[in-house]
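A quick write-up on the structure given underneath.
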Amino acid sequence: MKGMGLTKWQGPHVYTLHSLQVRHPFDSSKWGRICRFLTKEGIMDQKHLVEPVEATKDDLLVVHSESYLKSLNSSLNVSMIVEVPPIAMLPNWLVQKKVLHPFRKQVGGTILAAKLAKERGWAINVGGGFHHCSSEKGGGFCVYADISLCIHFAFVRLNISRVMIIDLDAHQGNGHEMDFSDDRRVFILDMYNPGIYPLDFEARRYIDLGVEVKSGTATDEYLTKLDHALEVAEKKFYPDFIVYNAGTDILDGDPLGRLKISPDGIASRDEKVFRFARERNIPLIMLTSGGYMKSSAKVIADSIVNLCNKSLIDMKS
């Protein structure tokens, strides 16, 4: 695979707005800190970063209905999706500017990453991975369905015909599962904790290869299950594009994921997925998705450094 840089933007301001950070478990500074860690390590500089444009309304309408997008004109509705109740009290113009605009930039980053991965082999969106949002419903901090939109873009614009979603966030990816419930062009491998949010049993019916990892699962068991899942997935489906949802909420100590995976386990997990794609010459995009500890940014950066050291990505091309 040829090298590609990372897509980046200024992260959402929602959780610093009026000191709301303390009210929400998500670390909104994560994305910028990943890039600063990589710069400090000498892995990355500005030439490796590509600034995405904001996804337009026409872009969003490829997946979302007009009625869903209109529902975001209600600050109350947005507050329920991102799970920050005080947002309901803010004027919607401010919510659009400080909350939804940055999320649309992340959607633009996921779409751009798909284009760059098809051209050059791989790309990482330092953000994205809003896998709880479907065409008609947001939730779990996820306002827009960037995974679904990216895949539709790949079908229409990139001459892609078969996509594998490898969703290794701790939470079930119920949004994309609902969106592709009857689309045989998309194969979903979802490895998730069945005892935590979203507990969407209807969406579970649409997972092609589900791997349940219960609360307390540790690194060795997790990686063994992942190895087996990738072996099975290869026999069931051969994609020409991979969307890798690489949440770090599987880390030991994460308050929402409830798993016990070490930082080195995260690096091994990412290495396995990138190696799976590279050995088969399949373009891959990585999305950083969930992760609810301050340590997540450094863990992600260290994993990217490991991918460089193992020559699975090349930041110098």
Worked check of salt bridge (charged side-chain N to carboxylate O under 4.0 Å, His left out) between Asp240 and Arg185 = CA-CA 10 Å; Asp240 48 17; Arg185 298 174 297 173; over 6 Å; no
Show the nearest heavy-atom pair for residues [X] and [Y], with the distance to one decimal.
X	Y	result
Ala267	Ser303	CA-OG, 3.7 Å
Gly257	Ala170	CA-CB, 3.8 Å
Asn73	Gln96	OD1-NE2, 3.5 Å
Ser75	Ile87	CB-O, 3.6 Å

Would you sort out whether Glu212 and Arg204 count as a side-chain contact (heavy atoms from CB on, under 4.5 Å), showing the intermediate values?
-> CA-CA 11 Å; Glu212 295 187 352; Arg204 287 183 192 180; 4.2 Å; yes
Honestly curious: do [X] and [Y] fall in one hydrophobic cluster under the side-chain, below-4.5 Å linking rule?
X	Y	result
Val78	Val84	yes
Leu94	Val82	yes
Phe153	Ile188	yes
Tyr206	Phe155	no
Leu199	Val213	no

Would one find more than 12 heavy atoms of other residues, nucleotides or ligands at under 6.0 Å from atom [atom1] of [X]?
X	atom1	value
Arg280	CZ	yes
Asp264	CG	no
Asp220	CG	no

Quick one: are [X] and [Y] in side-chain contact, heavy atoms under 4.5 Å?
X	Y	answer
Thr248	Thr288	no
Pro263	Ile266	no
Asp302	Asn306	no
Lys118	Asn159	yes
Leu251	Ile261	no
Phe37	Ile304	no
Tyr192	Asp167	no
Lys57	Leu61	yes

When rounded to the nearest 0.5 angstrom, what distance separates [atom1] in [X] from [atom2] in [Y]?
X	Y	atom1	atom2	result
Ile165	Ile242	CD1	CD1	11.5 Å
Leu307	Asp314	CG	CG	12.0 Å
Lys137	Asp179	NZ	CG	12.5 Å
Leu60	Ser65	CG	OG	11.0 Å
Leu226	Ile166	CG	CD1	8.0 Å
Ser134	Tyr68	OG	OH	8.0 Å

For the side chain of [X] and the backbone of [Y], is there at least one donor-acceptor N/O pair under 3.5 Å apart?
X	Y	result
Asn245	Asp169	no
Thr217	Tyr222	no
Asn92	Leu72	yes

Residue pair Glu119, Lys115: steps toward the salt bridge (charged side-chain N to carboxylate O under 4.0 Å, His left out) verdict | CA-CA 6 Å; Glu119 292 175 355; Lys115 177 178 182 294; 2.7 Å; yes
Take Phe130 and Leu287 through the test side-chain contact (heavy atoms from CB on, under 4.5 Å) and record every step on the way to the result.
-> CA-CA 9 Å; Phe130 306 133; Leu287 312 173; over 6 Å; no
Are Arg205 and Phe201 in a cation-pi contact, defined as NZ or CZ under 6.0 Å from the six-membered ring centre and within 45° of the axis?
->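 Geometry flag: not set, cation outside 6.0 Å or 45°.
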Does NZ or CZ of Arg162 come closer than 6.0 Å to the centre of the six-membered ring of Phe237, within 45° of the ring's axis?
->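 Flagged: Arg162 positioned over aromatic ring of Phe237.
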Under 4.0 Å between a Lys/Arg side-chain N and an Asp/Glu carboxylate O for Arg278 and Glu271?
->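 No, this pair does not count.
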In terms of side-chain geometry, is the basic nitrogen of Lys105 or Glu51 positioned less than 4.0 Å from the acidic oxygen of its partner?
->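 Salt bridge present between Lys105 and Glu51.
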Does the pair Asp146 and Phe103 meet the rule for a side-chain contact (heavy atoms from CB on, under 4.5 Å), with working shown?
-> CA-CA 9 Å; Asp146 67 319; Phe103 275 115; over 6 Å; no
Apply ring-ring contact (aromatic ring centres under 6.0 Å, His included) to Tyr197 and list each qualifying residue two or more places apart in sequence or on a separate chain.
->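 Expected list: His132.
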Is the distance between the ring centroids of Phe180 and His152 under 6.0 Å?
->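 Yes, the ring of Phe180 comes within the 6.0 Å limit of the ring of His152, centre to centre.
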Determine, using ring centers only, whether Phe276 and Tyr244 are less than 6.0 Å apart.
->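 Distance test on ring centres: not under 6.0 Å, no.
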Would Asp249 and His171 count as a side-chain contact (heavy atoms from CB on, under 4.5 Å) if you check the C-alpha gap in whole Å, the side-chain angles of each, and the deciding distance to 0.1 Å?
-> CA-CA 8 Å; Asp249 48 6; His171 299 82; 2.9 Å; yes
